[in-house]
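To start, the structure under review is shown below, and the notes come after it.
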Amino acid sequence: MDFLSLYGEAAKTAVGFFWKAGWAFVLGYTISAMIQAFVPERRLTRHMGQPDAESVGLATAFGAASSSCSFAALAAARSLLAKGAHFISAVAFMFASTNLVIELGILILIFLGWQYLVAELIGGLLLILVSSLLIRWTYPKSWIEAAREKAQEETPEEEESFSPMDRITSLDGWRRVGHGFVMEWQMVWQEILVGFTIAGFVKVLVPESWWKTLFLADFKGQIPDLVIALENAVVAPFVAALTFIGSMGNIPLASVLAGSGAAFAGVMGFIYSDLMVPPLVRVNARYYGWKVALYIAGVMFVSIVVTALALHLGFGLLGLTPDGAAAKGPEAQFQIDYTFWLNLVFLGVAGAMVLLHRQHRRQHEGGGHHMQHGGKVQTAVTYLAMVVVAIGLVVFWVTGS
């Protein structure tokens with residue numbers, strides 16, 4: 001194929017990824033908005049002040065029930081730290097809110113399959129365990145106390161407590177759900193759009209041989225499997241950092257890596273590395289200072305490598321290692337199938353959420369909280385991606401690829 005044909009095919013593939021995942025996003029973020037609207041944060045944070053199993057468990061549950069937006073996860077973790085949560089619990093929350101949320105699980109199931117979903121859930125808990133132990137062993141008390149003071153100075157006051165049942169049974173409560181749904185989308189749509197666009201273009205334009213070389217796939221049988229798995233687990237976070245994709249946006253590209261020779265450890269390491277991309281490290285530096293930001297990144301890197309390697313060995317011993325060739329992700333086809341009908345149904349759900357959001361805004365003029373987003377650079381990259389995809393679709397239509 002010539003370049004124009006490849007360009008058109010890449011744009012179509014990127015849009016195909018959006019098409020396959022559209023309903024999953026609406027479902028996941030609707031559930032997330034419901035949890036956030038109906039579960040009082042204060043009742044949870046008051047029990048997170050100690051570095052014990054109860055605090056970490058609550059932080060994990062709270063994270064799993066929260067937003068999957070990487071930037072929102074960092075902002076919420078800072079809020080927890082400012083309100084008295086232990087640093088270990090704050091890190092546990094960050095891992096849980098980006099690895100154990102419902103919408104991420106649905107997306108992994110669609111693009112990678114059930115074995116990767118099971119691994120994601122087990123690995124997410126293992127990540128939290130490993131990171132908790134690492135922080136216990138290396139705890140830089142003076143750095144963390146300074147970071148807590150900085151967070152307390154900059155974090156706004158939380159809202160008052162409320163009755164969950166009163167909210168669930170009131171129209172105002174559901175308006176809050178709609179508002180939360182729209183706020184979630186405002187936080188994540190740039191990450192998702194850029195991530196899916198990169199995945200579509202990488203799948204078409206980057207030769208499979210390149211990934212095989214990077215992840216040592218051509219050396220299987222010549223190099224011990226454990227060495228290949230370790231190399232993959234170490235390299236994957238750097239690949240994630242180079243893509244600048246966080247949160248949900250990296251799943252389609254993970255499916256490309258799985259289908260292009262990356263070992264199981266490499267794919268899982270890539271998925272877990274969404275909090276280590278440079279924009280997020282920079283946000284942590286703004287929240288806590290560079291010493292703490294780099295400390296968090298170091299803890300995450302070691303935890304990711306250990307977890308990815310443990311999953312690789314554990315699934316291998318149980319004979320459950322997924323076939324990477326079968327995990328290339330759904331084909332970018334547009335037809336009348338279950339995806340079409342699910343997208344149609346959840347388009348209606350999204351419309352209802354937007355309507356509820358508008359009613360909420362009318363009743364609470366200027367209300368709602370602002371979450372940190374990607375900034376001017378990410379916004380520029382997002383609009384560039386939109387232009388590239390739009391031109392690519394025109395090229396695809398003209399060339400008849």
Side-chain angles (χ1 to χ4, degrees), residues 17 20-21 23-25 27-29 31-32 35 56-57 59-66 68 70 73 92-132 195 199 215 225-226 228-230 232-233 236-237 240 247-275 300 303-330 338-339 342:
F17 283 153
K20 284 293 183 181
W23 66 271
F25 283 123
L27 172 61
Y29 285 118
I31 295 174
S32 177
I35 293 171
V56 174
T60 300
F62 189 21
S66 69
S68 66
S70 301
F93 173 88
M94 282 192 279
F95 270 131
S97 63
T98 51
N99 290 293
L100 297 176
V101 289
I102 295 170
E103 52 269 34
L104 181 69
I106 297 173
L107 214 60
I108 290 175
L109 186 62
I110 292 173
F111 282 90
L112 290 160
W114 70 269
Q115 289 152 304
Y116 283 97
L117 174 57
V118 172
E120 172 72 13
L121 297 175
I122 295 173
L125 297 175
L126 186 56
L127 271 173
I128 292 168
L129 174 61
V130 174
S131 63
S132 297
F215 290 105
D225 180 68
L226 181 60
I228 293 177
L230 177 59
N232 276 229
S247 190
M248 308 281 283
N250 66 359
I251 301 305
L253 186 51
S255 71
V256 174
L257 299 183
S260 301
F264 186 44
V267 178
M268 297 311 301
F270 178 82
I271 293 173
Y272 290 136
S273 299
D274 55 342
L275 289 174
M300 287 182 173
S303 302
I304 289 166
V305 172
V306 171
T307 299
L309 197 58
L311 289 172
H312 186 95
L313 295 175
F315 274 59
L317 288 174
L318 296 174
L320 294 176
T321 303
D323 179 12
K328 291 186 177 181
Y338 79 94
T339 298
L342 285 172

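The analysis underlying the following values was restricted to heavy atoms, covering all of them including side chains, and did not include hydrogens, waters or symmetry mates. Throughout, residue positions are numbered sequentially from 1 according to the sequence presented.
- In terms of modelled atom types and a separation under 3.5 Å, the side chain of N232 and the main chain of A263 share a donor-acceptor contact.
- Put simply, the side chain of Y272 gets close to the backbone of E120: a donor and an acceptor are under 3.5 Å apart.
- Here the CD1-CG distance, from I271 to N99, works out to 8.5 Å after rounding to the nearest 0.5 Å.
- With rounding to the nearest 0.5 angstrom, the CZ atom of F315 is 4.5 Å from the CZ atom of F264.
- For the atom pair CG (L318) and CG (L313), the distance works out to 11.0 Å, reported to the nearest 0.5 Å.
- Here the closest non-hydrogen pair linking S273 and G269 is OG-O, 2.6 Å.
- Using a 4.5 Å heavy-atom cutoff, the side chains of F95 and M300 are in contact.
- Residue Q115 holds its CD atom at 13.0 Å from CD1 of I108, rounded to the nearest 0.5 Å.
- Going from atom CG of L257 over to atom CG of L253 covers 4.5 Å, rounded to the nearest 0.5 Å.
- Across L275 and M94, no two heavy atoms sit closer than the pair CD1-O, 3.6 Å.
- Below 30°, between 30° and 60°, or above 60°: for F17 and F111 the angle between ring planes is above 60°, a perpendicular geometry.
- Formation of a donor-acceptor pair under 3.5 Å by the T307 side chain with backbone atoms of I304 is not found in this model.
- For the side-chain contact (heavy atoms from CB on, under 4.5 Å) test with L104, the passing option among L121, L109, I251 is I251; the others fail.
- Here the closest heavy-atom approach between residue L311 and residue G123 is recorded as CD1-CA, 3.9 Å.
- Taking both residues in full, the closest heavy atoms of I128 and L100 are given as CD1-CD1, 4.3 Å, listed atom of the first, atom of the second, then distance.
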Checklist entry - Yes or no on side-chain contact (heavy atoms from CB on, under 4.5 Å) for V306 and L126, after CA distance, side-chain angles and deciding distance? => result CA-CA 9 Å; V306 171; L126 186 56; 6.0 Å; no
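- Between A233 and A308, the shortest heavy-atom distance links the atoms CB-CB, 4.0 Å.
- When side chains are defined from C-beta on, V305 counts as touching L230, because their heavy atoms get closer than 4.5 Å.
- Looking at I110 and W23, their side chains come closer than 4.5 Å, going by heavy atoms from C-beta outward.
- Heavy atoms only, all atoms of each residue included: Y116 and A258 are closest at OH-CB, 3.7 Å.
- Under the 4.5 Å side-chain criterion, counting only non-hydrogen atoms from C-beta, V56 is not in contact with L129.
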Item to check | side-chain contact (heavy atoms from CB on, under 4.5 Å) evaluation trace for L117 with L112 | outcome: CA-CA 8 Å; L117 174 57; L112 290 160; over 6 Å; no
